[in-house]
Amino acid sequence: MEKLRYYSYWGVDFLKGSKVRSHFNDVKFILENYNADASKKKRALNLENLLKHAVETVPYYKEYQKLKSIEDFPVVDKIYIRSKYDDFVSKEYKDKPCFKVYTSGSTGTPFTVYLDKNKKSRNTADTIYFSEKSGYFLGQKLYYMRSWDSVPSKGRLSTFVQNIKKVNVRSIEDEIFCKLIEDIKKNNSTKAFLGYTSAFKEICKYLDRTNSEPIKANVTSMIANAEAMGNYTKKTIKKYFGFDILSRYSNMENGILSQQIKNGGDAYHINWASYYIEILDMNSDKPVEYGVPGRVVVTDLFNYHVPMIRYDTGDIAVMEIDKNFFNGAPSFSKVEGRRMDVIYDTKGKPMTSVVYELEHFPEFKQFQLIQTNKNTYLVKLNLDEVFQHEEKLKTMLQDFLGDDAIINVEYVDEIPQLSSGKRKLTINKFAVS
């Protein structure tokens with residue numbers, strides 16, 4: 001049945017002109033031959049064509065026609081694009097069919113972008129390629145954990161081919177996870193998992209609470225996205241499912257920007273086939289050296305409807321060159337959260353992973369770390385029992401944030417969700433004020 005689904009998808013694509021297959025072959029060639037002259041030429045031509053299209057058809061970029069290098073173009077962000085949206089729409093594509101995508105506003109700024117049909121096909125090809133690099137192939141059973149409330153239903157053919165089991169994670173009730181685990185155990189087919197990092201963590205917490213035995217799930221792929229992942233989730237998934245979970249870095253307005261690959265270590269393989277990516281200084285538009293954290297700035301090579309050139313995603317990452325990586329391309333050694341959500345110690349040093357230290361307290365159902373001032377922090381905790389280790393928690397956080405850090409604790413019944421169904425682990429009210 002899996003093979004039937006697989007060939008059905010590619011058969012339909014063939015009848016439509018093999019648009020996705022063509023993009024898939026292109027992505028695969030460019031990424032797996034990164035240092036070959038032909039790959040370099042393709043990437044350079046994609047960038048040249050995008051810039052030429054932008055300055056000729058996009059009102060905002062008209063004044064930049066004489067610029068010769070991508071580095072000469074201005075850096076923009078979603079707030080700026082949204083404020084001048086019509087100026088960023090290509091006149092050539094304005095009245096052509098398009099697809100709407102939107103972010104839920106996790107940074108406080110909801111954002112809608114339109115993709116042309118070719119860009120949509122490219123995104124599909126990217127998804128198939130990176131899924132295969134994780135061990136998942138079209139037609140396999142896919143447990144997709146996300147908020148499904150506002151997602152339109154697909155047609156019968158798409159539902160059959162994709163073989164998706166929708167898991168709505170808007171609620172974290174044990175009943176949901178109990179049914180999910182039962183379904184996994186009953187189904188003998190190969191399985192793949194895709195979903196929010198927080199959803200995988202909640203599953204781990206549930207399995208710990210119920211003293212579960214390891215689960216024979218026949219897993220071929222497991223990808224977490226949307227949020228950074230702590231060691232607790234990685235180790236606990238391995239314990240119960242016997243599989244090394246991978247992380248994907250993507251956004252709604254662009255697509256898959258990078259992903260860890262199966263048996264590829266901790267590095268995130270950057271999608272150089274579809275994007276030109278820069279890491280810029282936190283406070284200027286100058287590039288940082290390899291190994292230094294900086295802002296992720298993306299040029300989308302395939303969205304001609306709304307060209308996004310040097311788009312500041314609001315995220316932070318560290319780029320490295322690892323010659324042992326499978327294609328020798330620069331990769332991300334770290335991908336952190338939104339810049340506005342990075343917690344800083346009392347001396348102003350970013351402490352991007354400190355929130356994951358809270359995972360060492362198994363009694364926490366949910367937690368959230370908020371920086372309210374330069375040296376004042378609030379920890380929100382949701383748990384079923386009286387917490388006996390509040391002073392231990394404060395001391396541990398002070399070891400990371402500074403001896404002069406003031407740690408306040410608030411007990412809540414629920415950490416509120418975003419409209420996407422995700423929950424923010426960190427909020428920095430001081431850095432964005």
For Lys42 and Asn46, run side-chain hydrogen bond (donor to acceptor under 3.5 Å, both in side chains): C-alpha distance rounded to whole Å, both residues' side-chain angles, the deciding distance at 0.1 Å, then the answer. CA-CA 6 Å; Lys42 279 179 173 286; Asn46 287 338; over 6 Å; no
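Ring-plane geometry between Phe177 and Tyr206 is classed as tilted, the angle between the planes lying from 30 to 60 degrees on a 0 to 90 degree scale. Ring geometry, Phe361 versus Phe364: the interplanar angle falls under 30°, so the pair is classed parallel (tilted spans 30 to 60°). In this pair, Tyr80 and Phe88 present their aromatic rings perpendicular. The plane angle is above 60°, beyond the 30 to 60° band.
Side-chain contact, Asn251 with Tyr311: no donor N or O sits under 3.5 Å from an acceptor N or O. In the model, Glu92 has no side-chain atom that pairs as donor or acceptor with a side-chain atom of Ser90 under 3.5 Å. Between the side chains of Tyr129 and Glu32, at least one donor N or O lies within less than 3.5 Å of an accepting N or O. Using modelled atom types, one finds a donor on one side chain and an acceptor on the other under 3.5 Å when comparing Thr190 with Glu2.
Remark: Asp95 CG is loosely packed, at most 12 non-hydrogen atoms of other residues, nucleotides or ligands lying under 6.0 Å away.
Looking only at distances, a side-chain donor or acceptor of Arg43 sits under 3.5 Å from a matching main-chain atom of Tyr34.
Residues His269 and Phe130 have side chains in contact (heavy-atom distance under 4.5 Å, counting atoms from C-beta outward).
Annotation: the span from Lys133 atom NZ to Lys28 atom NZ amounts to 6.0 Å, rounded to 0.5 Å.
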